[in-house]
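Heads up: the structure comes next, in structure tokens.
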Amino acid sequence: MTQEFSAILIEWQKRHGRRDLPWQISNDPYAIWVSEIMLQQTQVVTVIPYYERFLSAFPNLEALASASLDDVLSLWSGLGYYSRARNLHKAAKMLSNLGKFPDSPEALSGLPGIGRSTAAAIAAFAFSRRAAILDGNVKRVFARFFGIEGHPGEKGVENRMWEKAESLLPESEIGCYTQALMDLGAGLCSRRNPDCAKCPLNSGCIARLSGRVHELPQPAPKKALPLRETTFLVLAREGRLLFERRPGKGIWAELLCFPELAQGQDLSVFDPSNTECLPSFTHAFTHFRLKIEAVLIETGKHREGIWLSMEEALASPIPNPVRKILGRIRQPFP
DNA sequence: GTCCGGGATA
DNA sequence: TATCCCGGAC
């Protein structure tokens, strides 16, 4: 049974799995590492252009280790979860001093940004090490195939799934097997539209056999997201816009952002020659939603901060809402 | 517009 | 446990 599970997946992967992704063309552990970090919490189609740009700018470990954090964050701009970029940069410096890329899951998981599952994926793809992954897609496959009740966020459920993951590992072709699990979870065994007819595991899938495919995995209880509001001040002067560096902790840490209007603060302190309200929109985070108002302020008054041209701003480490607002400002602005 | 999927860290 | 982002489906 255990043998069969992996054998079926390996066979399926050879026929139907993806083998042409940019990071699959080599066994370069550096390239695989970068791809696995980008793929955390992020879909393949989103990652591909970022991965291409990143590898062009930093083709190897030394290039990344010697880069500035700002350059790394700039190439990460828009991808989200910026601590991934900071951890990647930090780990590159550590690895550069080490001189050798670790090849065991244990050593890899000691690096910043690499947890148990990511360590296993890198070890399997780059070094053919026999190690179990357990990402969100794989959890869904397991919940359905084994009919595991409870949502995967629960500790007990997750522990059971790790045990399954370890016990199902094949003796060989670990890379092929690992990719198969990922592809199956991301493709056929999707949350909303599972294509059970095409699934190589359908004959043994408990959810399928008991008609509970759409009930498993059980979703986590949902929390109502609080709504916060902010007003971005887009100060324009002599063809440049004013930015501030975000604090080192919290949302968008260390990225560049527009100054925010303080509570009760009046726009007149900026001595505006002209103001224009830009359309507001809502940006979603994990734990709250942020309603963003933006006001374009033409000012003659100098103010401390980082003044950038539009071109410079677009090449800077900025979060997506800032990029969105920049796209709405017609040029030239004063 | 709203909802949902997707790992690591302190 | 709470915190950290965005794109795509609907």
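These numbers were taken from a predicted model, which means no experiment stands behind them. Residue numbers begin at 1 in each chain, while the letters A, B, ... track the order of the sequences.
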Please determine if a side-chain N or O atom of [X] lies less than 4.0 Å away from the OP1 or OP2 oxygen of [N].
X: A/His283; N: C/dC6; answer: yes
X: A/Trp162; N: B/dG7; answer: no
X: A/Tyr82; N: C/dC6; answer: yes
X: A/Asn320; N: C/dC5; answer: no
X: A/Asn193; N: B/dC4; answer: no
X: A/Arg191; N: B/dC4; answer: no

Separation of atom [atom1] in [X] from atom [atom2] in [N], rounded to whole Å:
X: A/Arg289; N: C/dC4; atom1: CZ; atom2: P; result: 18 Å
X: A/Met38; N: C/dC6; atom1: CE; atom2: P; result: 14 Å
X: A/Gln218; N: B/dC4; atom1: CD; atom2: P; result: 14 Å
X: A/Gln43; N: C/dC5; atom1: CD; atom2: P; result: 18 Å
X: A/Gln40; N: B/dG5; atom1: CD; atom2: P; result: 19 Å
X: A/Leu225; N: B/dG1; atom1: CG; atom2: C1'; result: 14 Å
X: A/Arg192; N: B/dC3; atom1: CZ; atom2: C1'; result: 7 Å
X: A/Trp76; N: C/dC5; atom1: CH2; atom2: P; result: 12 Å

Would you classify [X] as touching base, sugar-phosphate or nothing, given that sugar-phosphate means primed atoms plus P, OP1 and OP2, and contacts are heavy atoms under 4.0 Å?
X: A/Pro152; value: nothing
X: A/Leu134; value: nothing
X: A/Arg84; value: nothing
X: A/Pro319; value: sugar-phosphate

Backbone N/O of [Y] and side chain of [X]: donor-acceptor pair under 3.5 Å:
X: A/Thr299; Y: A/Phe270; value: yes
X: A/Ser273; Y: A/Glu298; value: yes
X: A/Arg246; Y: A/Cys257; value: no

Checklist entry - For DNA chain C, which residues in residues 104-123 of chain A have a heavy atom at a distance below 4.0 Å? => result none

Return all side-chain donor-acceptor pairs below 3.5 angstrom for residues 31-39 of chain A, not counting sequence neighbours, or 'none' if the list is empty.
unit_1, atom_1, unit_2, atom_2, d
A/Ser35, OG, A/Ile32, O, 2.7

Item to check | Electrostatic pair A/Arg212:A/Glu149 at N-O distance under 4.0 angstrom | outcome: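 So A/Arg212 pairs with A/Glu149 through a salt bridge.
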
Next on the checklist: Under 4.0 Å between a side-chain nitrogen and a carboxylate oxygen: does that hold for A/Glu158 and A/Arg116?
Outcome noted: no

Item to check | Which residue lies more 5' along DNA chain B, comparing A/Thr286 with A/Thr282 via nearest heavy atoms | outcome: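 The answer here is A/Thr282.
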
Item to check | Ring geometry between A/Trp252 and A/Phe232 (parallel below 30°, tilted from 30 to 60°, perpendicular above 60°) | outcome: tilted

Item to check | Within the 6.0 Å centroid threshold, strictly below: A/His283 and A/Phe281 | outcome: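 Distance test on ring centres: not under 6.0 Å, no.
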
Next on the checklist: Regarding C/dC6, can its base be found pairing with the side chain of A/Thr42 as donor and acceptor, where the two atoms are less than 3.5 Å apart?
Outcome noted: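 Checked by distance alone, the answer is no.
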
Checklist entry - On DNA chain C, nearest-nucleotide positions of A/Tyr50 versus A/Tyr81: which is more 5'? => result A/Tyr81

